[in-house]
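Here is the structure we will look at, set down as structure tokens.
Reminder, nothing fancy here: chain letters follow the sequence lines and each chain counts from 1. The structure displayed is predicted, hence computed values, not measured ones.
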There are 2 protein chains.
Amino acid sequence: MLTERQLIILQVIIDDFVDTAHPIGSRALSKKDDLPYSAATIRNEMADLEDLGFLEKTHTSSGRIPSEKGYRYYVDHLIGPSTKQNDVSIIKDIIQDGFFEFEQIVQMSAEVLSKLTNYTSIILGPEMFETTLKQIQILPLSSRTAVAILVTNTGHVEHRSFTIPEKINSSDLEKMVNIMNDRLKGVPIIKLQDVLSTEVSQLMKLYIDDFDKSFDYLKAFFANDNPVKLYIGGKSNILLQPEFNDVEKIRSFFTMMEKEDEIANMLKNSKNGIEVTIGNENESDAIKDLSLITASYHLGGGHMGTIALLGPTRMEYKKVISLIKGLSTEMTDALYMWYRTND
Amino acid sequence: MLTERQLIILQVIIDDFVDTAHPIGSRALSKKDDLPYSAATIRNEMADLEDLGFLEKTHTSSGRIPSEKGYRYYVDHLIGPSTKQNDVSIIKDIIQDGFFEFEQIVQMSAEVLSKLTNYTSIILGPEMFETTLKQIQILPLSSRTAVAILVTNTGHVEHRSFTIPEKINSSDLEKMVNIMNDRLKGVPIIKLQDVLSTEVSQLMKLYIDDFDKSFDYLKAFFANDNPVKLYIGGKSNILLQPEFNDVEKIRSFFTMMEKEDEIANMLKNSKNGIEVTIGNENESDAIKDLSLITASYHLGGGHMGTIALLGPTRMEYKKVISLIKGLSTEMTDALYMWYRTND
DNA sequence: TGTTAGCACTCTAACCAAGTGAGTGCTAAT
DNA sequence: ATTAGCACTCACTTGGTTAGAGTGCTAACA
């Protein structure tokens, strides 16, 4: 178990390192007001803390820096309840404005979050397996083109314009839409393709001449829908972090950020509540030297999506955690409001 | 005027430097098959080319690299007609697929273009002052929410969902839409706000009780429409270029790329046909050490949008120019097709 | 007169040696 | 239990040396 003094020293070291990104030595520490001990005393304590695995040296005669275990301890034990709520209210204002669509809110939140923290923010949009189709509408634009509008129970709207195949006339089209509205309402988005190929296609064959030829087209229409939306804010913020002074690191970071599906998978597993994974605690190799903070937002208990921040292990955990905590509850509230007016 | 031999030497130097990014000396040049001259002869020629401003040295005893004037001459005089058309056909296939919306085509083109070249591609979407409103439709989602669909003459579709203010009932809403469809059809997108505040609001006052209170809402609805869409592909491609080995350069590049309106302005001025601006020829300070290649695509003669590539001055001009040339005509064709089926 | 070989000169990049300073671990005194 | 003192370590800086690639110029050559 750590003594009281060791706790204080660990905390001061972490706070200082988070601030400066430089290793800190015993002499410099002894000059801080918080620590009325001599350099030698602190030196001994630091040696103990290192033995316990909370501190590291960059080389034999360097100052100390926190280890990942040190950060872990800090996050688990040394972070008090968050104090100031000012920052979160910025986001609150945006959400409560009420004018924006949910998509825009998410987008803006990601941006604000990254701007407030100088890290990279990632928000996973409402997940599709909770989302069901509410209605399909077709709006003709010209004799040969039309736009289809899909609406989900979460208030998400999507449109897709297309040219009408020659073999289909407008009454056929109407029939098709009616069948789809009849049979696809309430079906989870991810199951749309399935239901379409089985039930719906059976039914359509009965009513529409020459249906087989149109089916491929219809299927393709529902196909290119990426299952989950990812909003990333402040990608280039990491360039402000001194740990990214190396072109190679920057490159690997950016190539990682381009693999959106991998990132989505990374975040999908996150449980309810706040979760902090530090460095090697991360499963994905690509972020083994970064820290990831995730929180989820909900709709009436069900898991909907995830908010995350990605930054160096040397992260302002205290500030960041309280921010994310605030934002996730804000988004849960906003979603609830949406759902109420939208149903 | 340059002699035949000087032309060849200049060309070989540029080709080599574009390839390797290293200064090249007389001895290395003399070994190339293209140049059956001794190192000393080439040395003399290079000295002359330097006096004329086509070459530079990085330091007194270094090999030569092309100057901006050298690139300019190369682009103006030494690039023959493009040979292989293979690359462009990739894009052609995507466009001719016919299934995608114009927006998606533009997006994908930007991506393909950047992937083929390893530079950063920028495409300016169809410009709004050529674009007019074709129709407005309102689709109710629930008692208190609805989605509006705007369609333009270029086949661009946009939707925006909103909550219906309490003071407006559904028959009022219908009236409003009718009036808008009547009066706003054919109005250029950028003038929508104007016409709305003058004519339309006058008219609506006559028919709708309590209109004033709703007007702000309506206005806001048309407001947050950014005037022009920018598609950027391969932002992180410059990390592959050896000239970006410096974190500071990378940083300034990325902060530049975030100022989308500035970039849009940069591209707006581009005239018809291909235009190449090299280094300091660029007006914008932010890209004074980069080269920009632009081409525009059209709709029946009118200027619609711009395709551009941004890369180091040491650029594969030959390849890139033929690619962009191909793409711009492809997009012009695609637009024409769109317009025909869409009208 | 154009081309080439030869040579002195210049500058970068890599390497090495010495010196400095911040920091540590250990021991002995308080 | 705390602290002062001291020897030691290691990164970083500075200055000097060398090797290599390249140039400019001059003189010889076809």
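You won't find any donor-acceptor pair under 3.5 Å spanning the side chain of A:R27 and the base of D:dG5, going by distance alone.
Separation of atoms CG (A:L292) and OG1 (A:T294) is listed at 6.0 Å; rounding is to 0.5 Å.
With D:dT3, C:dT4, D:dC6 as the choices, the nucleotide that has an atom nearest any side-chain atom of A:A40 turns out to be D:dT3. For A:S61, taking side-chain heavy atoms from C-beta onward, the closest of the listed nucleotides C:dG25, C:dA22, C:dT4 is C:dA22. For A:R64, the side-chain atoms get nearest to C:dT24 when compared with the rest of D:dG22, D:dC25, C:dT24. The side chain of B:S38 lies closest to C:dA5 when the candidates are D:dC10, C:dA5, D:dT3. Among the nucleotides C:dT3, C:dG25, D:dG24, the one closest to any side-chain atom of B:A47 is D:dG24.
Side chains of B:T255 and B:S252: no donor on one and acceptor on the other come within 3.5 Å.
Residue A:T60 has a polar side-chain atom (N or O) positioned under 4.0 Å from OP1 or OP2 of D:dC10. Proximity of A:T41 to the phosphate of D:dT3: a side-chain N or O atom is located under 4.0 Å from OP1 or OP2. The side chain of B:K57 contributes an N or O atom lying less than 4.0 Å from OP1 or OP2 of D:dG24.
Rounded to whole Å, atom P of C:dT24 lies 15 Å from atom CD of A:E56. When rounded to the nearest whole Å, the span between CZ of A:R43 and P of D:dT3 equals 11 Å. In this structure, the CG atom of A:D48 is 12 Å from the C1' atom of C:dG25, given to the nearest Å. Straight-line distance from the NE2 atom of A:H22 to the C1' atom of C:dA22: 13 Å, rounded to whole Å.
Place B:Y37 and B:H59 on DNA chain C by their nearest nucleotides, and B:Y37 ends up nearer the 5' end.
In this structure, B:F54 and B:Y73 have perpendicular ring planes: the angle between them is above 60°, well past the 30° mark.
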(message) Using side-chain contact (heavy atoms from CB on, under 4.5 Å), reason through B:E50 and B:M46 one step at a time and then give a plain yes or no.
(response) CA-CA 6 Å; B:E50 186 178 359; B:M46 291 208 295; over 6 Å; no
